[in-house]
2 protein chains.
Amino acid sequence: MTNIHDIAKMTGYSVSTVSRVLNHKNYVSDEVRAKVQAVIDEMDYVPNDVARDLSRGKTYSIGVVLPYTKHPYFTQILNGIMSEAFERDYRLVVLPSAYDKDKEAEFLEQLRRKAFDALIFTSHGLPLEKIAKYQKYGPIVCCQYPGNVDISAAYSERIDTYVKAFEWVRDHNFERIGILQNRDYHVSATSEMTIKAYQQVFNKMPESDLIVTDVTTYDDGHNAAKYYVKNELDPDYVFCNSDDIAVGFKDYYLENNLKVPEFMGQENQLSSKILNFSTIDHQFEKVGASSFDLAISGDRKQIPIESMLINRSGLV
Amino acid sequence: MTNIHDIAKMTGYSVSTVSRVLNHKNYVSDEVRAKVQAVIDEMDYVPNDVARDLSRGKTYSIGVVLPYTKHPYFTQILNGIMSEAFERDYRLVVLPSAYDKDKEAEFLEQLRRKAFDALIFTSHGLPLEKIAKYQKYGPIVCCQYPGNVDISAAYSERIDTYVKAFEWVRDHNFERIGILQNRDYHVSATSEMTIKAYQQVFNKMPESDLIVTDVTTYDDGHNAAKYYVKNELDPDYVFCNSDDIAVGFKDYYLENNLKVPEFMGQENQLSSKILNFSTIDHQFEKVGASSFDLAISGDRKQIPIESMLINRSGLV
DNA sequence: TTGTATGCGTTATCAG
DNA sequence: CTGATAACGCATACAA
């Protein structure tokens, strides 16, 4: 493995000069530059990135914590991050968490050990307060509304759109509103926001029987419907946490020849396009791009990005 | 920034001893270990990963080249790689290529510069021969059948399943077979394989008018159908390159009140499950997992993984 | 069991 | 414009 010292020796110049040639810096005569470059080419030499990172005290890579990749939320956000990262010649390290707190803690430790320059949490299981404490080791950006915790964030401003959605539901005289969500609203900011929007519009908490948690897949949506039916809960409108989940939900009713309650999806996935039902587009690519910008700038601020209600109900 | 020398100084022991404590190595008395550990804890010290990597000559990270992430092929394969990587405490660096040869070349250079220990090409635009030459700088694994090029590969053994699929089509008396594909068969191994399977079953080349290239999305599928209709090509069976694409294809006919040709999808996505049409599951998670194993073992070998025909036609 | 000294491959500072 | 040398932070062969 030939290194910069070898090149220095072979050219007869010093390592500093070789380094300058390598990094296209000034203060080296054209003549010397040419000679050194010739040897570099001849020896097929390239500098070692790790040594470089160590010397510069920077890795030019950003860690991205992903609970899992199956959900479109994460692929969209990752796409947004990737496109920005690539333009700016940053490396992206994907960190799968499955919402495991130990794993998330491990990633925070890696930031502390300088494995990457900054960390982006696309979502988190750990309390934000704990995550925030690690900011002294490097920029940390989360992709959800951080409440009163002082941490950088780029997030989809869902609340206004959720409110609009529930207003639409209320204005069309639906009363028994079912809500499917990924995680309980005590631990998930998104779920909490959904409940809050509901409260704001209806001036009361949603009926707890009508809230179904741990819904992440088509099959979960299917099971949620089954749960409603078995327990005769009869929602007349259901607010689903993704389009694909909405389809699973709907299918259960169809398979059993039951009338499907009205419903809305989220994510603006292909399935809502195919089956033409309403949904909410959360603009996650933009969220990803902004979170990356925050990560490398190191600015401590929040960037809300408005989501969009896509009404395909045929009614205004 | 406190480092190992500081700890050594504070404890009164040498850096080697501190290092041994850090790495849970032998040859250090319990008493000393406890003392050193106490100071480490007190100072809240953690070693620097970059320095570690440099010293060990290893990064414990693997680069994964992804043309893009929208396609389920890549998310599935990435999931497979991620689950393996995480178990073995490896870091994954995602490298978006968009099939750009310059970018791919850049990633090969990064391998050479020791930015990661190995490289996985989930797909590639560069000729395999060129990629193979970089193996002297570290293990490289590709996720497609490498033909006669001497390079490691874990790949979905699609050919047998494609043959089975076309046999089914032939045995059910379809004759004008349309084929939708991502890239031309001169540059894409997958497309080439599709054509070969067709040839093997029908003893002739598919009609070139019936082959549509550059199809990657729902909309592209939609356009492909439009193309068939406008030019009165009348395929009676269409072999689509993904389920979502198949849906776009079908929708065009429905929207125009035309009879939809029979068709099959690929990827076993949700859409084929919803709409209940046949598809092929390529087992990409397994491919991802195996490619990772190859990457870190450094073995130079090929691992075929059989894909599965999922017949939902109702006919045998 | 512990310490010393050197290597890992660069970049950066400062002197010339 | 060029060079010597000190960081960067850790691991490890060898010595004690």
Side-chain angles (χ1 to χ4, degrees), chain A residues 1-37 39-40 43-61 91 109-117 137-138, chain B residues 1-40 43-61 109-117 137-138:
Chain A
M1 160 113 316
T2 143
N3 64 24
I4 197 169
H5 286 103
D6 299 334
I7 302 295
K9 220 166 287 172
M10 299 182 70
T11 57
Y13 292 94
S14 71
V15 288
S16 342
T17 299
V18 177
S19 178
R20 288 189 194 103
V21 172
L22 240 34
N23 296 292
H24 306 99
K25 295 229 171 141
N26 312 319
Y27 304 125
V28 41
S29 71
D30 289 351
E31 185 195 7
V32 173
R33 183 182 297 278
K35 278 189 194 169
V36 172
Q37 189 60 54
V39 175
I40 287 175
M43 294 305 294
D44 203 32
Y45 161 78
V46 283
N48 177 307
D49 273 352
V50 180
R52 225 172 208 183
D53 288 349
L54 176 61
S55 184
R56 295 197 276 221
K58 231 184 144 194
T59 63
Y60 293 93
S61 71
R91 238 168 257 145
E109 283 300 318
Q110 290 188 21
L111 173 67
R112 196 173 154 206
R113 294 200 300 266
K114 304 289 176 197
F116 15 76
D117 297 345
Y137 304 116
Chain B
M1 159 115 318
T2 144
N3 64 23
I4 197 170
H5 286 103
D6 299 334
I7 302 295
K9 219 164 285 172
M10 301 182 69
T11 57
Y13 293 93
S14 71
V15 289
S16 4
T17 299
V18 177
S19 177
R20 288 187 194 104
V21 173
L22 239 36
N23 297 292
H24 306 98
K25 294 233 170 138
N26 310 320
Y27 305 124
V28 40
S29 73
D30 289 350
E31 186 195 6
V32 172
R33 184 182 297 276
K35 278 188 193 169
V36 172
Q37 188 62 54
V39 175
I40 287 175
M43 294 305 296
D44 202 33
Y45 162 75
V46 283
N48 177 306
D49 273 352
V50 179
R52 232 176 201 177
D53 288 350
L54 177 61
S55 185
R56 294 196 276 220
K58 231 184 145 195
T59 62
Y60 294 93
S61 72
E109 283 300 318
Q110 291 188 20
L111 172 67
R112 194 171 154 210
R113 294 200 299 265
K114 304 288 176 200
F116 15 77
D117 297 345
Y137 304 116

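Naming: A, B, ... by sequence-line order, numbering from 1 per chain. Values below: all heavy atoms of this structure, side chains included; hydrogens, waters and symmetry mates excluded.
- Contact of the B/Arg20 side chain with the B/Val32 side chain is not registered, since no non-hydrogen atoms from C-beta on lie closer than 4.5 Å.
- With rounding to whole Å, A/Leu22 atom CG is found 6 Å from C/dT11 atom P.
- For B/Lys35 and C/dG3, the NZ to C1' distance is 16 Å, given to the nearest whole Å.
- No donor-acceptor distance shorter than 3.5 angstrom exists from the side chain of B/Asp49 to the backbone of A/Lys114, with no hydrogens or angles considered.
- Applying the ring pair (Phe, Tyr, Trp, His ring centres under 6.0 Å) test to A/Tyr45 and every residue at least two apart in sequence or in another chain returns nothing.
- For the pair A/Ser61 and A/Ala115, the tightest heavy-atom approach, listed with the atom from each and the gap, is OG-O, 3.8 Å.
- Across all their heavy atoms, A/Val18 and A/Ile40 have their closest contact at CG1-CD1, 4.5 Å.
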Between the protein and nucleotides 13-16 of chain C, which nitrogen or oxygen pairs are less than 3.5 angstrom apart?
none

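- B/Arg33 is listed as a side-chain neighbour of B/Val21, based on a closest heavy-atom distance under 4.5 Å.
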Which atom pairs, one a donor and one an acceptor, fall under 3.5 Å between side chains of residues 2-9 of chain A and the rest of the protein, sequence neighbours left out?
{"unit_1": "A/Asn3", "atom_1": "OD1", "unit_2": "A/His5", "atom_2": "N", "d": "2.9"}
{"unit_1": "A/Asn3", "atom_1": "OD1", "unit_2": "A/Asp6", "atom_2": "N", "d": "3.0"}
{"unit_1": "A/Asp6", "atom_1": "OD2", "unit_2": "A/Asn3", "atom_2": "N", "d": "3.0"}

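- Contact check for A/Asp44 versus B/Arg112: side-chain heavy atoms found under the 4.5 Å cut-off.
- Rounded to the nearest 0.5 Å, atoms OG (B/Ser55) and CG (A/Leu54) are 10.0 Å apart.
- Between its two ends, the helix from C/dT1-D/dA16 to C/dG16-D/dC1 turns its axis by 40°, counting five pairs per end and rounding to 10 degrees.
- Looking only at side-chain heavy atoms (C-beta outward), B/Arg52 and B/Asn23 come within less than 4.5 Å of each other.
- The side chain of A/Asn3 places no N or O atom within less than 4.0 Å of a non-bridging phosphate oxygen (OP1 or OP2) of C/dC8.
- Looking at heavy-atom distances under 4.0 Å, B/Ser19 makes contact with a base.
- Put simply, OH on B/Tyr137 and CD on B/Glu109 are 7.5 Å apart, with the number rounded to the nearest 0.5 Å.
- Atom C1' of nucleotide C/dT4 and atom CD1 of B/Ile4 are separated by 14 Å, given to the nearest angstrom.
- Heavy-atom minimum distance, B/Tyr60 versus B/Asp53: CD1-OD1, 4.4 Å.
- For the contact set between residues 43-55 of chain A and DNA chain C, defined by any heavy atom under 4.0 Å, the members are A/Tyr45, A/Val46, A/Pro47, A/Asn48, A/Ala51, A/Arg52, A/Ser55.
- Close approach of DNA chain D to chain B, defined as any atom under 4.0 Å from a non-hydrogen atom of the protein, starts and stops at D/dG9 to D/dT12.
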